[in-house]
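Heavy atoms only: backbone and side chains are in, while hydrogens, waters and symmetry mates are out.
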Amino acid sequence: MIYSELHNFLFLKGRKVASTSFEVALSKICGPDDVITPITPVDERQRIDLGYRHAQNFGADPDTLDSYINLLKTKDTNQLKQASIPKGSIKNHTTFKEAWNFFGEHIKDKRVIAIIRNPYETIISRLNHIALFENYKQSGKAMKATDRQLQQALHDFIKKLNKKNYPKNIDIYKPPSNTSMPLKIDYLKFEDLQNELDRFLHSLNISESIALPHLKKGQNLPPEAILNIASPEQLRTINNYFDDEFDAFGYQKL
């Protein structure tokens, strides 16, 4: 999540929508007083190496955060897996409601942005993440699970859906209801994300072009790939669980 006083926006970080890459790109234009939440150590290292602002002002103990950042700067990538991210009062995937409760009515003057993606693609990305993320945390290399690995991960994922225990992006993005005025989000489409970033920077009167980094690299499989992974019964469970997200974000079910 990024809460920018300098450029007057709030970026809500969804799950499996290239939000880490987008957040890192936005870090380049942030000021010293902006809130930037921490990311996976191997990704934070890349943000540092790019010369962008790293995690800051999210409520962590300053000395603990300084020690953490210095560790990331000096250790080899394969040693970062064990690095412990400092705890703060603002978390990475803060919901719109939580941000409102924390920052208060200042948000009503902010532009709120978030990324949307076809739910099937976010699910496949999540399965890929489940299968191979432990390796990624040490190497930072692309995650490319086999269909068999994705199917095994889907088995546990479906259990979460049956227990209604998986956070959806639509729930992260849902505006708080206890406000004196309606709040809205500008949705940016994953399918055109570099252009979405360019347009957003232009809207802030920033002429500099920022290349979108590719962090937490996956396979970017098309939505139809879910048919090779899920059984008909599993697909029905997915469709039912994400029904509101398909509808709100304008994607078609298979």
Colleague: Could you check whether any side-chain N or O of S27 sits under 3.5 Å from a backbone N or O of H54, counting only pairs where one atom can act as donor and the other as acceptor?
Modeller: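 Not at all, since once roles are kept as given, no pair shorter than 3.5 Å links the two residues.
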Colleague: Just checking, is any N or O donor in the side chain of K97 or S177 under 3.5 Å from an acceptor N or O on the other one?
Modeller: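 Per modelled atom types, K97 and S177 side chains form no pair under 3.5 Å.
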Colleague: Please collect all side-chain hydrogen bond (donor to acceptor under 3.5 Å, both in side chains) contacts where either partner lies in residues 151-166, sequence neighbours excluded, each pair once.
Modeller: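 Counting only pairs at least two positions apart or across chains, the side-chain hydrogen bond (donor to acceptor under 3.5 Å, both in side chains) contacts touching residues 151-166 are R126-Y166.
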Colleague: Between I115 and S19, what is the shortest heavy-atom contact and its length?
Modeller: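 Minimum heavy-atom separation between I115 and S19: CD1-CA, 4.1 Å.
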Colleague: Using a strict threshold of under 4.0 Å (side-chain N to carboxylate O), is an ion pair present between E233 and R236?
Modeller: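 Salt bridge: no.
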Colleague: To the nearest 0.5 Å, how far apart are CD in Q56 and CG in D66?
Modeller: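 Output value for this atom pair is 11.5 Å.
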Colleague: If you measure from CG on L10 to CG on D186, what distance do you get to the nearest 0.5 Å?
Modeller: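 The CG atom of D186 is 11.5 Å from CG of L10, to the nearest 0.5 Å.
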Colleague: So do the side chains of L197 and L26 get within less than 4.5 Å of each other, counting heavy atoms only?
Modeller: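 Side-chain contact under 4.5 Å: yes.
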Colleague: Could you state the interatomic distance from CD1 (I85) to NZ (K91), rounded to the nearest 0.5 Å?
Modeller: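 Interatomic distance, I85 CD1 to K91 NZ, rounded to 0.5 Å: 14.5 Å.
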Colleague: Would you sort out whether N92 and E23 count as a side-chain contact (heavy atoms from CB on, under 4.5 Å), showing the intermediate values?
Modeller: CA-CA 10 Å; N92 198 255; E23 182 180 22; 4.2 Å; yes
Colleague: About how many Å separate CG of N118 and CD of E191, when rounded to the nearest 0.5 Å?
Modeller: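 Interatomic distance, E191 CD to N118 CG, rounded to 0.5 Å: 7.0 Å.
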Colleague: Are F58 and L6 linked, directly or through other ILVMFWY residues, by side chains that come within less than 4.5 angstrom of each other?
Modeller: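 Different clusters: F58 never reaches L6 through Ile, Leu, Val, Met, Phe, Trp or Tyr contacts under 4.5 Å.
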Colleague: Can you list everything that forms a ring-ring contact (aromatic ring centres under 6.0 Å, His included) with F102? Sequence neighbours excluded, please.
Modeller: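 Result, ring-ring contact (aromatic ring centres under 6.0 Å, His included) vs F102: none returned.
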Colleague: Take a 6.0 Å sphere around NZ of K189 and say whether it holds more than 12 heavy atoms from other residues, nucleotides or ligands.
Modeller: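 12 or below, so no.
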Colleague: With sequence neighbours left out, write down each residue that passes ring-ring contact (aromatic ring centres under 6.0 Å, His included) with F246, or none if nothing qualifies.
Modeller: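 Partners of F246 by the ring-ring contact (aromatic ring centres under 6.0 Å, His included) criterion, ordered by chain and then number, come out as Y120.
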Colleague: Taking the side chain from K168 and the backbone from Y241, do they hold a donor-acceptor pair closer than 3.5 Å?
Modeller: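 Between the backbone of Y241 and the side chain of K168 there is a qualifying donor-acceptor contact (under 3.5 Å).
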Colleague: I need the F9 CZ to I2 CD1 distance, nearest 0.5 Å.
Modeller: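 If we round to the nearest 0.5 Å, F9:CZ and I2:CD1 are 5.0 Å apart.
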Colleague: Can you confirm whether K75 is buried at NZ, in the sense that more than 12 heavy atoms of other residues, nucleotides or ligands lie under 6.0 Å from that atom?
Modeller: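 Not buried by this count: 12 neighbours or fewer within 6.0 Å.
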Colleague: Give, for atom CG of L154 and atom CD1 of I229, the distance between the pair rounded to the nearest 0.5 Å.
Modeller: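 It comes to 7.5 Å.
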Colleague: Just wondering, do N169 and K16 contact through their side chains at under 4.5 Å, heavy atoms?
Modeller: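 Contact flag for K16/N169 side chains = no.
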Colleague: Locate the shortest heavy-atom distance separating N128 from A145; write the atom from each residue and the value.
Modeller: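 Looking at all heavy atoms of both residues, the shortest contact is OD1-N, 2.8 Å.
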Colleague: Are the side chains of N240 and D243 in contact, using a 4.5 Å heavy-atom criterion?
Modeller: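 In short, these two side chains do not touch, never coming nearer than 4.5 Å.
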Colleague: side-chain contact (heavy atoms from CB on, under 4.5 Å), that's the test. Do D192 and R199 meet it? Break it down for me.
Modeller: CA-CA 11 Å; D192 196 30; R199 286 188 286 266; 3.0 Å; yes
Colleague: Determine the minimum heavy-atom distance between R53 and C30, stating which atoms define it.
Modeller: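 Of all heavy-atom pairs spanning R53 and C30, the closest is NE-O, 3.0 Å.
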Colleague: Is there a donor-acceptor pair closer than 3.5 Å between any side-chain N or O of D34 and the backbone N or O of E5?
Modeller: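 Flag set: sc D34 to bb E5 pair under 3.5 Å.
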Colleague: Are L204 and M1 connected in the hydrophobic side-chain network, where two residues link if heavy atoms are under 4.5 Å apart?
Modeller: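 Same hydrophobic cluster.
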Colleague: For the pair S125 (side chain) and T122 (backbone), establish whether a donor and an acceptor sit closer than 3.5 Å, ignoring hydrogens and angles.
Modeller: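 Checked: no pair found.
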Colleague: Determine, step by step, whether K73 and E44 satisfy the salt bridge (Lys or Arg N to Asp or Glu O under 4.0 Å) criterion, reporting the C-alpha distance in whole Å, the side-chain angles of both residues, the deciding distance to 0.1 Å, and the verdict.
Modeller: CA-CA 9 Å; K73 290 178 178 178; E44 194 75 72; over 6 Å; no
Colleague: Before you tell me yes or no, could you show the steps for Q234 and F157 under side-chain contact (heavy atoms from CB on, under 4.5 Å), namely the whole-Å CA-CA distance, both residues' side-chain angles and the distance that decides it to 0.1 Å?
Modeller: CA-CA 10 Å; Q234 288 173 327; F157 183 77; over 6 Å; no
Colleague: Q79 side chain to L72 main-chain N or O, any donor-acceptor pair under 3.5 Å?
Modeller: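 No, Q79 side chain to L72 backbone: no donor-acceptor pair under 3.5 Å.
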Colleague: At their closest point, which heavy atom of Y173 faces which heavy atom of L12, and how far apart are they?
Modeller: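 In this case the closest contact between Y173 and L12 is CE2-O, 4.0 Å.
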Colleague: So, applying side chain to side chain contact (heavy atoms under 4.5 Å, CB included) with V24, which one of L212, I36, D43, I39 is it?
Modeller: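 Output: one option passes, namely I39.
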Colleague: By salt bridge (charged side-chain N to carboxylate O under 4.0 Å, His left out), which residues pair with E245, not counting sequence neighbours?
Modeller: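 Once residues adjacent in sequence are excluded, E245 has no partner under the salt bridge (charged side-chain N to carboxylate O under 4.0 Å, His left out) criterion.
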Colleague: Who passes ring-ring contact (aromatic ring centres under 6.0 Å, His included) against Y251, sequence neighbours left out?
Modeller: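 Partners of Y251 under the ring-ring contact (aromatic ring centres under 6.0 Å, His included) test: none.
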Colleague: Walk me through it: do I172 and R15 pass the test side-chain contact (heavy atoms from CB on, under 4.5 Å)?
Modeller: CA-CA 9 Å; I172 294 174; R15 297 177 185 276; 4.1 Å; yes
Colleague: Mind checking ring-ring contact (aromatic ring centres under 6.0 Å, His included) for F190 and listing every partner two or more places apart, or none if nothing turns up?
Modeller: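 ring-ring contact (aromatic ring centres under 6.0 Å, His included) check on F190 returns nothing, list empty.
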Colleague: Between H106 and Y3, is there a side-chain heavy-atom distance shorter than 4.5 Å?
Modeller: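 Yes, side chains in contact.
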Colleague: Looking only at heavy atoms, what is the nearest atom pair of N57 and I90, with distance?
Modeller: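 Smallest interatomic distance, heavy atoms only, reads O-CD1, 4.4 Å.
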Colleague: Could you pull out the closest heavy-atom pair between R47 and A55, with the gap in Å?
Modeller: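 Of all heavy-atom pairs spanning R47 and A55, the closest is NH2-N, 3.7 Å.
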Colleague: Any side-chain heavy atom of W100 within less than 4.5 Å of one from P175?
Modeller: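 Sidechains of P175 and W100: no contact.
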